[in-house]
Each structure stands twice: as C-alpha cells, then as structure tokens.
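When a residue number appears, it is its place in the shown sequence, counting from 1.
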Amino acid sequence: MIVVDSNIIAYLYLPGEYTARAEALLEQDANWTAPPLWKSELRNILAGYMRRKMLTFEAAHDLQREAESLLAGAVREADSRLILQLVQGSNCSAYDCEFAALALTLGVKLVTLDAKLLKAFPGCAVAL
C-alpha cells in the first residue's frame, strides 16, 4: 500500500511528462490510498484543463469517474491533530499535510513530486 497525492493520480490519467512513471508505479503497487481531499484536488486540476480547452466536460467527467473507481474503498481520513502538528513543523499547507499524515499513520510511503513535501517529510515522502 502507498499513499499518493492528487498530482500522482492526475499524472496517471492526463498524458504528460510523468504519465509513464505513474503507470509504472501502479503496476508496481496497485494498492493506492489517499485522503478524501484528493477528489476535490483532482476536480480542480481537471477544471484547469477544461478552462484551457485541453479537455471537454465529458472527458473530464470520465477521467474523474475512472480515478474514483481506482480508489473506490481505499480513501481514508487522516487525523486532524496530526495534520496540524505536521503543519506546525513544516512549510507545507494543511492540504499537503493530510497526505503526509495519512502515510505516517499507515506506516507507508507517500509518493509525490511536491518539493515541499519531499523536503519536510523525508522519512515517508518519496519522489515518483
């Protein structure tokens, strides 16, 4: 099991520089989890693609559904106290600390390309 941040999920579904790495990660470990926040963050990424006319509404909706299917039953809450403790000791947003808190609670790695997360949480955050 691994915790993945929203960008890793987006890389899996939106063709680009990191898509092949995200696909390889899924083949290596298909047991992905994330806090509930990932859905809103992915919707926001898809909204940007729609606004830039890089995705139609239907394509964005289909990608969101596919991602939700991938993580169905695997979404887990992170502890608010731990999230705030991580915020206090880092330069990361509370949003980002949700992913780190979940990884720390589960005792698994957080896969990300977020430089702040990688720097703040070298014990659990690993680069894609």
Side-chain angles (χ1 to χ4, degrees):
M1 174 186 290
I2 54 175
V3 174
V4 291
D5 74 9
S6 303
N7 287 319
I8 301 302
I9 299 165
Y11 296 144
L12 183 65
Y13 291 103
L14 297 166
E17 179 181 358
Y18 301 110
T19 302
R21 285 199 228 170
E23 290 170 344
L25 178 66
L26 186 62
E27 284 183 27
Q28 179 184 356
D29 187 342
N31 193 4
W32 288 13
T33 188
L37 170 67
W38 81 266
K39 286 184 184 183
S40 293
E41 289 189 339
L42 182 61
R43 281 190 291 263
N44 197 48
I45 293 167
L46 295 172
Y49 274 72
M50 287 171 35
R51 286 188 184 104
R52 291 187 304 276
K53 308 283 190 230
M54 297 171 72
L55 279 178
T56 64
F57 166 82
E58 288 303 327
H61 182 248
D62 288 346
L63 291 176
Q64 183 76 32
R65 280 194 351 239
E66 283 184 49
E68 288 178 9
S69 177
L70 175 70
L71 288 163
V75 175
R76 293 178 170 79
E77 291 282 342
D79 179 69
S80 292
R81 181 177 178 84
L82 179 56
I83 293 165
L84 293 172
Q85 287 174 332
L86 296 178
V87 168
Q88 185 178 28
S90 73
N91 262 346
C92 297
S93 71
Y95 302 120
D96 288 342
C97 286
E98 283 196 40
F99 293 91
L102 183 57
L104 289 167
T105 299
L106 296 173
V108 300
K109 296 296 181 187
L110 162 60
V111 181
T112 183
L113 283 176
D114 185 294
K116 283 184 178 182
L117 279 170
L118 291 167
K119 182 177 179 183
F121 306 107
C124 74
V126 296
L128 174 65

K.L.:
Just to verify, what does Arg65 make a salt bridge (charged side-chain N to carboxylate O under 4.0 Å, His left out) with, not counting sequence neighbours?
P.N.:
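Only Asp62 meet the salt bridge (charged side-chain N to carboxylate O under 4.0 Å, His left out) criterion with Arg65.
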K.L.:
Can you list everything that forms a side chain to side chain donor-acceptor pair (under 3.5 Å) with Glu66? Sequence neighbours excluded, please.
P.N.:
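For Glu66 there are no side chain to side chain donor-acceptor pair (under 3.5 Å) partners, ignoring immediate neighbours.
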K.L.:
For Tyr49, give me all partners under side chain to side chain contact (heavy atoms under 4.5 Å, CB included), at least two apart in sequence or on another chain.
P.N.:
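So Tyr49 forms a side chain to side chain contact (heavy atoms under 4.5 Å, CB included) with Leu14, Ile45, Arg52, Met54, Leu55.
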K.L.:
Please name all residues satisfying side chain to side chain contact (heavy atoms under 4.5 Å, CB included) with Thr56, sequence neighbours left out, ordered by chain then number.
P.N.:
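With neighbours one apart ignored, the set is Glu58, Ala59.
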K.L.:
Apply ring pair (Phe, Tyr, Trp, His ring centres under 6.0 Å) to Tyr13 and list each qualifying residue two or more places apart in sequence or on a separate chain.
P.N.:
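Ring pair (Phe, Tyr, Trp, His ring centres under 6.0 Å) check on Tyr13 returns nothing, list empty.
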K.L.:
One pair to check against side-chain contact (heavy atoms from CB on, under 4.5 Å): Leu70 and Leu26. What are the steps and the verdict?
P.N.:
CA-CA 10 Å; Leu70 175 70; Leu26 186 62; 4.0 Å; yes
K.L.:
What residues form a ring pair (Phe, Tyr, Trp, His ring centres under 6.0 Å) with Tyr11, not counting sequence neighbours?
P.N.:
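Only Tyr18 meet the ring pair (Phe, Tyr, Trp, His ring centres under 6.0 Å) criterion with Tyr11.
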K.L.:
Honestly curious: do Leu106 and Val111 fall in one hydrophobic cluster under the side-chain, below-4.5 Å linking rule?
P.N.:
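Yes, because Leu106 and Val111 connect within a single hydrophobic cluster, where side-chain heavy atoms sit under 4.5 Å apart.
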K.L.:
Just jot down the side chain to side chain donor-acceptor pair (under 3.5 Å) partners of Glu23, sequence neighbours excluded, or say none.
P.N.:
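With sequence neighbours excluded, Glu23 shows a side chain to side chain donor-acceptor pair (under 3.5 Å) to no residue whatsoever.
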K.L.:
Please give me the minimum heavy-atom distance between Ser90 and Cys97, naming the atom from each residue.
P.N.:
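Nearest heavy atoms, Ser90 then Cys97: OG-SG, 3.8 Å.
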K.L.:
Mind listing the closest non-hydrogen atom pair of Leu113 and Ile8 along with its distance?
P.N.:
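Scanning both residues, the minimum pair turns out to be N-CD1, 4.3 Å.
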K.L.:
With side chains defined as the heavy atoms from C-beta onward, is the minimum distance between Trp32 and Ile9 less than 4.5 Å?
P.N.:
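Result yes, sub-4.5 Å side-chain heavy-atom pair found.
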K.L.:
Would you kindly confirm whether Val87 and Leu82 end up in one hydrophobic cluster when ILVMFWY residues are joined by side chain heavy atoms under 4.5 Å apart?
P.N.:
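Looking at the clustering, Leu82 is in a separate group from Val87.
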K.L.:
Only pairs at least two apart or in different chains count here, so list each salt bridge (Lys or Arg N to Asp or Glu O under 4.0 Å) that has a residue in residues 77-105.
P.N.:
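Applying salt bridge (Lys or Arg N to Asp or Glu O under 4.0 Å) to every pair that reaches into residues 77-105, excluding sequence neighbours, yields nothing.
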K.L.:
I need the Asn44 CG to Ser40 OG distance, nearest 0.5 Å.
P.N.:
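Spacing of CG (Asn44) from OG (Ser40) equals 8.5 Å.
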K.L.:
Heavy atoms, side chains only, cut-off 4.5 Å: are Cys92 and Leu117 in contact?
P.N.:
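SC-SC contact between Cys92 and Leu117 confirmed.
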K.L.:
Which residues pass the side chain to side chain donor-acceptor pair (under 3.5 Å) test with Thr19, not counting sequence neighbours?
P.N.:
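Counting only residues at least two positions away or on another chain, Thr19 forms no side chain to side chain donor-acceptor pair (under 3.5 Å).
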K.L.:
Do Leu12 and Ile2 belong together in a cluster built from hydrophobic side chains that touch within less than 4.5 Å?
P.N.:
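Yes, because Leu12 and Ile2 connect within a single hydrophobic cluster, where side-chain heavy atoms sit under 4.5 Å apart.
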K.L.:
Looking at every non-hydrogen atom in both residues, tell me the closest pair between Ile83 and Ala94 and how far apart they are.
P.N.:
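Scanning both residues completely, I find the closest heavy atoms to be CG2-O, 3.7 Å.
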K.L.:
Applying side chain to side chain contact (heavy atoms under 4.5 Å, CB included), name anything that partners Asn31, two or more places apart in sequence or on another chain.
P.N.:
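Met1, Asp29.
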K.L.:
To the nearest 0.5 Å, what is the distance between OG (Ser6) and CZ (Phe99)?
P.N.:
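Here the interatomic distance stands at 3.5 Å.
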K.L.:
Please answer whether the main-chain N or O of Ala67 pairs with a side-chain N or O of Lys39 as donor and acceptor at a distance below 3.5 Å.
P.N.:
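No: the side chain of Lys39 does not pair with the backbone of Ala67.
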K.L.:
Can you name the nearest heavy-atom pair linking Ala34 to Trp38, along with the distance?
P.N.:
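Looking at all heavy atoms of both residues, the closest pair is CB-CD1, 3.8 Å.
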K.L.:
Look up atom OH in Tyr95 and atom CD in Glu41, then write down how far apart they are to the nearest 0.5 Å.
P.N.:
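Reported to 0.5 Å precision, the distance equals 8.5 Å.
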K.L.:
Could you pull out all residues at least two apart from Arg76 that satisfy side chain to side chain donor-acceptor pair (under 3.5 Å)?
P.N.:
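Partners of Arg76 by the side chain to side chain donor-acceptor pair (under 3.5 Å) criterion, ordered by chain and then number, come out as Thr33.
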K.L.:
Who passes side chain to side chain contact (heavy atoms under 4.5 Å, CB included) against Ala125, sequence neighbours left out?
P.N.:
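In terms of side chain to side chain contact (heavy atoms under 4.5 Å, CB included), with neighbours along the sequence ignored, Ala125 is linked to Leu110, Thr112, Leu118, Phe121.
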